[in-house]
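Everything below concerns the one structure shown next.
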Amino acid sequence: MSNFISDISLQINLVDIVLLTILIVVAVAVIRVRDLFEAVVLLGIFSLLSACIFTTLDAVDVAFTEAAVGAGISTVLFLATLTLTAREEKAQYSHSWSGFIVCTLTGGALIYGTLDMPHFGDPDAPIHQHVAPRYIVESPEEIGVPNMVTSVLASYRGYDTLGETTVIFTAGLTVLLLLRRDRRSHNRIASPPTAETTDRRGSHVMHHAMVLRVMSKLFIPLILLFALYVQFHGDFGPGGGFQAGVIFAAAFVLYALIYGVEAAQRVAPPARVQVFVALGLLLYIGTGLASLFAGGNFLEYKVLAHEASHGEHIGILFIELGVGITVAAVIINTFFYFAGRGRA
Amino acid sequence: MSQILGLYNYWIVILLMMAGFYNVIARGNLIKKLIGLNIFQTSVFLLYISMGKVEGGTAPIVAEGMATYSNPLPHVLILTAIVVGIATTSVGLSLVIRIREAYDTIEEDEIQQLDEGP
Amino acid sequence: MIAAHLPILQIILPLLAAPICVLIRPQKFVWPFVLIVSWATLGLAAMMLNQVLLSGPISYALGGWEAPWGIEYRVDLLNAFVILLVALIGAVVLTYAPESVKREIDGDRQPYFYAAFLLCLTGLLGICITGDAFNVFVFLEISSLSTYGLISLGRDRRALTAAYNYLILGTIGATFILIGIGLMYMMTGTLNMADLASRLQGVNHTRTIQVAFAFLSVGLTLKLALFPLHIWLPNAYTYAPSVVTAFIAATATKVSVYVFLRFVFTIFGADFAFGTMHIDYLLLPLALAGIFVASAVAIYQSNLKRLLAYSSVAQIGYIMLGISFGTITGLTAGIVHLFNHALMKGALFLAVGSIFLRINSVQLDDLSGLGKRLPVTSFAFVLAGLGLIGVPLTVGFISKWYLLLAAIEAGWWPVAVLVLISSLMALVYIWRFVETAYFRPVPDDAPPVSEAPLLMQIPMWLLIALAIGLGVQTSLTAGIAQRAALWLLAGAP
């Protein structure tokens with residue numbers, strides 16, 4: 001039996017090593033290619049491979065998020081930027097020696113630092129002895145949620161997650177400050193588009209792509225449904241508000257890509273989406289304040305109900321919903337602002 | 001030998017970090033720099049997740065018949081860090097778009113010339 | 001209830017206000033709302049400092065989870081002091097803001113501008129108050145992302161490239177910090193600062209922790225703009241809107257200095273940082289080089305904002321010089337200068353904002369005879385400038401005094417002499433303004449201008465009054481700084 005287990009772990013180790021080696025190849029290729037489009041695609045591949053490695057390292061939630069964000073949203077944003085800027089990188093005449101030296105020194109320092117590290121997978125490493133054992137042993141009882149990542153993320157370190165939601169909010173705000181067109185200069189984003197422009201755009205975008213249009217009609221509701229599943233199933237399996245928000249937004253991005261941005265904006269006017277950006281964050285803070293008024297500390301969910309674990313459930317439900325709303329709204333609007341920029 | 005096997009993961013991750021880092025500091029194209037930054041950050045995520053792995057462990061979701069779980073804390077930290085990463089990328093790309101509109105180029109040296117030139 | 005939850009209210013108040021800003025209609029109510037929030041935040045900060053002075057450090061368990069399993073807020077004298085500073089500058093700058101913002105930022109964007117400003121304030125306060133290493137990173141990114149946005153709103157297109165460069169360098173810095181925190185976590189299993197401090201004792205000798213220390217130091221010196229990692233700073237300060245420059249110049253780098261102090265002294269401990277890692281061997285020369293190079297560059301600037309930006313790099317050199325002594329007097333000098341420089345630079349940049357509002361330029365060549373055209377603002381600039389030089393009866397003198405004392409105490413006479421010489425360089429660059437404003441004639445074609453409105457004058461003079469008042473009544477700031485320095489060196493978390 002023990003032999004069998006070590007065989008499996010050896011295999012996983014092997015998968016790991018192979019994947020890591022491919023990653024190196026991709027990273028070097030990114031440095032070398034001059035076509036930015038290729039570089040972006042390679043970056044997407046890099047993210048996807050990383051997600052695979054995260055899975056082999058048991059980090060399923062992280063893998064899910066990396067795949068959705070790194071390979072999904074980030075690639076879309078990079079491609080949108082490329083269409084607005086340039087596709088080719090200017091020829092780089094010389095290799096940067098100073099950059100190379102800085103990297104060698106930094107990398108060398110890090111390798112020096114690894115020499116006293118606990119070995120990979122070592123169960124006696126300090127991080128497996130202190131703090132984490134409580135999450136693993138007691139969280140299923142204390143929080144009542146099987147997914148320990150959700151317990152830590154939403155409850156033990158729920159405040160970090162509030163910070164994370166604030167980061168998203170901040171990014172959304174900053175993108176708006178940078179890319180939203182002023183009302184004075186023909187603001188297509190704020191004003192509802194006329195039927196003519198929509199038709200023209202629509203025919204321009206993907207009028208002939210019948211298959212895509214039909215399939216999207218089928219897929220978009222499914223994607224939205226899946227988003228809801230991820231949103232509310234995060235307690236049990238991988239997933240949660242963040243991933244759900246990304247998937248929810250992906251449905252809108254798909255709709256916009258196929259039917260045109262104007263059509264998508266009629267479904268979700270940016271001004272209204274902006275309200276949801278704020279509401280999600282307010283819902284999160286509100287949950288924290290509710291526990292404050294119920295006599296606990298900020299974000300102490302157990303005071304929200306008579307039974308501690310019931311309170312935890314309520315708290316986690318609300319904050320995950322807050323995260324989901326803000327994330328979905330920010331991504332939808334960010335996409336709109338990026339897409340709206342090219343059509344001045 | 002055990003040293004090499006035990007640290008191999010970390011060494012590769014460090015190489016990846018440096019590949020990304022090099023792209024950030026040595027390249028003059030503004031988009032290329034952001035791509036490098038992404039690789040740099042993703043590699044740091046790999047460092048964190050690697051340290052959370054327990055030999056013979058499984059994903060930290062309670063399951064029947066499982067006694068050993070990998071450490072959930074690094075996963076939580078990296079979920080936050082991924083979000084911070086995409087936030088930075090989206091702001092960076094917005095800046096690139098605006099820079100392109102203002103300068104008509106996204107190459108660092110050309111921008112410098114335009115700012116210094118007559 | 002407020003007393004029991006002070007630490008969290010300190011952060012939640014401005015954080016809660018940011019999304020509300022976005023929702024407020026009509027938009028003309030946004031600024032009054034933000035103003036009330038910022039002064040209430042300052043009130044909370046004052047209450048908190050008072051509480052710490054009366055009854056010692058405060059600990060607050062977020063989510064009710066005790067440390068190290070949950071995130072802890074921990075307020076001691078040092079961070080209560082820095083929080084008061086940040087909240088003060090925030091309230092003062094926001095009071096000053098509306099006219100300047102109307103002038104420099106499009107009407108549509110103003111509510112979002114104020115929301116971003118509040119987020120930046122929240123981020124900076126959150127960095128200071130937390131007792132959790134990873135939480136520092138999260139709030140660092142909140143403040144950084146909003147800062148990139150705020151800087152990019154400058155009217156010159158170079159504001160965009162300045163923001164982009166700051167984004168790249170700032171993210172590299174943050175990633176280095178993330179690596180450092182990760183390595184510390186790897187060797188100890190904890191993220192709580194107090195817990196880290198005690199557990200690091202056992203693994204201090206490992207190469208991993210030494211590398212963690214190096215990465216944290218480099219990342220933080222990048223954020224706090226220590227020479228030669230200051231390259232993001234001059235353009236960012238020069239091209240950002242006036243109020244943004246005033247705010248970040250007075251707070252952002254100071255908060256990074258605070259984090260540096262927290263990591264080096266509270267978490268790693270002075271013995272490790274100075275005894276094992278010899279951080280002073282690196283810090284001292286860099287601080288001195290920064291003082292001299294940046295002061296020299298400042299002298300040759302033709303843009304007033306840029307001149308002050310380089311002066312900031314030099315002043316950060318003084319702060320880090322004090323810290324590099326690793327003694328009580330040295331640390332007192334560093335901490336007190338952190339506070340004093342914030343007051344002086346805040347006042348100077350507010351004066352520059354008023355000048356820009358009326359003259360529409362901050363090029364020295366356009367400011368000939370400014371002493372006659374805007375006598376009040378020019379006088380304010382000169383008064384605050386005297387502080388930078390270190391003239392007695394200003395706060396700047398107190399900083400220099402402690403710095404000299406620390407150098408002499410350590411027996412480093414040459415350093416003391418160098419500090420005195422560098423003060424002369426400050427005199428030269430402040431003199432350039434004096435010479436332009438008071439000794440050059442008003443150009444014949446200069447249209448008559450009036451002083452900036454009272455709402456901008458009062459906040460500016462408030463900072464100047466503090467910069468002089470606290471220079472006369474030294475016990476307040478220097479007293480707290482000294483106690484904080486004692487506390488840091490005692491190694492008590």
Side-chain angles (χ1 to χ4, degrees), chain A residues 5 9 20 23-24 27-28 30-31 36 39 43 46-47 50 54 57-62 65-66 69 73-74 77 81 84-86 89-90 96 99 102-103 107 110-111 114 119-121 123 127-128 132 135-136 140 146-149 152-153 157 160 164 167-168 171 174-175 178-179 334 341, chain B residues 6-12 14-16 18-23 25-29 31-32 35 38-39 42 45-46 49-62 69-73 75-76 78-80 82-84 86-87 89-91 93-98 100 106-107:
Chain A
I5 285 186
S9 62
L20 281 170
L23 269 189
I24 296 266
V28 171
V30 173
I31 298 181
L36 291 172
L43 178 65
F46 187 89
S47 284
S50 306
F54 290 146
L57 296 177
D58 301 337
V60 278
D61 276 280
V62 179
T65 311
E66 179 64 34
V69 168
I73 297 299
S74 139
L77 292 182
T81 311
L84 295 175
T85 53
E89 182 183 8
K90 210 181 70 171
S96 163
V102 170
C103 285
L110 275 171
I111 297 223
T114 60
H119 285 184
F120 175 72
I127 65 166
H128 306 311
Y135 299 147
I136 293 171
N147 186 348
M148 299 162 203
V149 174
V152 180
L153 178 125
R157 293 186 71 86
D160 262 352
E164 171 190 321
V167 167
I168 290 287
T174 308
V175 171
L178 279 163
L179 294 186
T334 301
R341 204 65 194 179
Chain B
L7 297 175
Y8 176 81
N9 252 43
Y10 296 122
W11 292 342
I12 298 273
I14 290 166
L15 276 181
L16 289 173
M18 289 312 114
F21 190 40
Y22 178 80
N23 243 342
I25 56 176
R27 285 314 167 98
N29 182 290
I31 292 184
K32 204 67 185 283
I35 292 175
N38 263 284
I39 292 183
T42 309
F45 304 162
L46 282 168
I49 299 300
S50 299
M51 63 172 105
K53 171 75 183 167
V54 177
E55 193 75 63
T58 176
I61 299 174
V62 177
Y69 297 101
S70 281
N71 192 333
L73 186 51
H75 302 180
V76 174
I78 289 317
L79 282 174
T80 305
I82 290 177
V83 174
V84 169
I86 180 72
T89 303
S90 66
V91 172
L93 288 173
S94 313
L95 278 166
V96 171
I97 292 173
R98 288 287 305 276
R100 162 79 180 195
I106 51 167
E107 299 290 338

Item to check | Closest contact, heavy atoms only, B:Pro72 versus A:Tyr135 | outcome: CG-CB, 4.2 Å
Checklist entry - Looking at B:Val91, B:Thr58, B:Leu93, which makes the most heavy-atom pairs under 4.5 Å with chain A? => result B:Leu93
Next on the checklist: Run A:Asp160 and B:Val76 through side chain to side chain contact (heavy atoms under 4.5 Å, CB included) and show every step you take.
Outcome noted: CA-CA 9 Å; A:Asp160 262 352; B:Val76 174; over 6 Å; no
Checklist entry - Checking B:Ile25 against chain A: side chain, backbone, both or neither under 4.5 Å from a heavy atom? => result side chain
Next on the checklist: Let's test your reading of the structure: which of A:Pro140, A:Ala59, A:Ser50, A:Ala39 forms the most heavy-atom pairs below 4.5 Å with chain B?
Outcome noted: A:Ala59
Checklist outcome for this item: Highest number of heavy-atom pairs under 4.5 Å with chain A among B:Thr89, B:Leu95, B:Val96, B:Asn71 belongs to B:Asn71
Item to check | Pick from B:Val62, B:Leu15, B:Ile61 with the largest number of heavy-atom pairs that fall under 4.5 Å of chain A | outcome: B:Ile61
Item to check | Contact summary for B:Met18 and A:Leu110, nearest pair of heavy atoms | outcome: CE-CD1, 4.0 Å
Next on the checklist: Is A:Val28 in contact with chain B via its backbone, its side chain, both, or neither, using a 4.5 Å heavy-atom distance?
Outcome noted: neither
Checklist entry - When rounded to the nearest 0.5 angstrom, what is the spacing between CG in A:Asp61 and NE2 in B:His75? => result 8.5 Å
Item to check | Closest approach of B:Gly57 to A:Asp58 (non-hydrogen atoms, all atoms of both residues) | outcome: O-OD2, 3.3 Å
Item to check | Atom pair CG (B:Asn23) and OG (A:Ser96), whose distance is rounded to the nearest 0.5 Å | outcome: 11.0 Å
Checklist outcome for this item: Cut-off 4.5 Å, heavy atoms of chain A, and the answer for B:Ile31 is both
Item to check | Selection from A:Leu77, A:Val175, A:Thr85 maximising heavy-atom pairs under 4.5 Å formed with chain B | outcome: A:Thr85
Checklist entry - Is it the backbone or the side chain of A:Leu43 that comes under 4.5 Å from a heavy atom of chain B, or both, or neither? => result side chain
Checklist entry - What part of B:Ile106 gets closer than 4.5 Å to chain A, counting heavy atoms only: side chain, backbone, both or neither? => result side chain
Checklist entry - So A:Ile111 and B:Tyr10, side chain to side chain contact (heavy atoms under 4.5 Å, CB included) or not? Walk me through it. => result CA-CA 8 Å; A:Ile111 297 223; B:Tyr10 296 122; over 6 Å; no
Checklist outcome for this item: Between the CZ atom in A:Phe54 and the OG1 atom in B:Thr42, the distance rounded to the nearest 0.5 Å is 7.0 Å
Item to check | Interchain contact, A:Ser74 with chain B, by part (heavy-atom threshold 4.5 Å) | outcome: both
Checklist entry - What part of A:Ile136 lies closer than 4.5 angstrom to a heavy atom of chain B: side chain, backbone, both or neither? => result side chain
Checklist entry - Looking at A:Val69, A:Val167, A:Val149, A:Val152, which makes the most heavy-atom pairs under 4.5 Å with chain B? => result A:Val149
Checklist entry - What closest approach, in Å, do A:Ile31 and B:Ala19 show between heavy atoms, and which atom pair accounts for it? => result CD1-O, 3.6 Å
Next on the checklist: Can you tell me which portion of A:Pro123 sits under 4.5 Å from chain B's heavy atoms? Options are side chain, backbone, both or neither.
Outcome noted: both
Item to check | Distance, nearest 0.5 Å, that separates OG of B:Ser90 from CD1 of A:Ile168 | outcome: 7.5 Å
Checklist entry - Which one of A:Thr65, A:Thr174, A:Ile127 has the most heavy-atom pairs closer than 4.5 Å to chain B? => result A:Ile127
Checklist entry - Do you know which of B:Ile78, B:Val84, B:Ile86 has the most heavy-atom pairs under 4.5 Å to chain A? => result B:Ile86
Checklist entry - Given the rule in the side chain to side chain contact (heavy atoms under 4.5 Å, CB included) test, do A:Val102 and B:Phe21 qualify, once you have shown the distances and angles that lead to the verdict? => result CA-CA 9 Å; A:Val102 170; B:Phe21 190 40; 3.8 Å; yes
Item to check | Side-chain touch B:Ile82/A:Glu66, heavy atoms, less than 4.5 angstrom | outcome: yes
Item to check | Value rounded to 0.5 Å, distance of CZ in A:Arg341 from OG in B:Ser94 | outcome: 9.5 Å
Checklist entry - Which distance, rounded to the nearest 0.5 Å, do you find between the OG1 of A:Thr114 and the CG of B:Leu7? => result 5.0 Å
Next on the checklist: Apply side chain to side chain contact (heavy atoms under 4.5 Å, CB included) to residues A:Leu23 and B:Leu46 and explain how you reach the verdict.
Outcome noted: CA-CA 11 Å; A:Leu23 269 189; B:Leu46 282 168; 3.7 Å; yes
Checklist outcome for this item: Closest non-hydrogen contact found for B:Arg98 with A:Leu179 is CG-CD2, 4.0 Å
Item to check | Under 4.5 Å from any heavy atom of chain A - which part of B:Ile12 | outcome: both
Next on the checklist: So which atom in A:Phe120 and which in B:Glu55 form the shortest heavy-atom distance, rounded to 0.1 Å?
Outcome noted: O-OE1, 4.3 Å
Checklist entry - Does the side chain of A:Thr81 reach to within under 4.5 Å of the side chain of B:Arg100, using non-hydrogen atoms? => result no
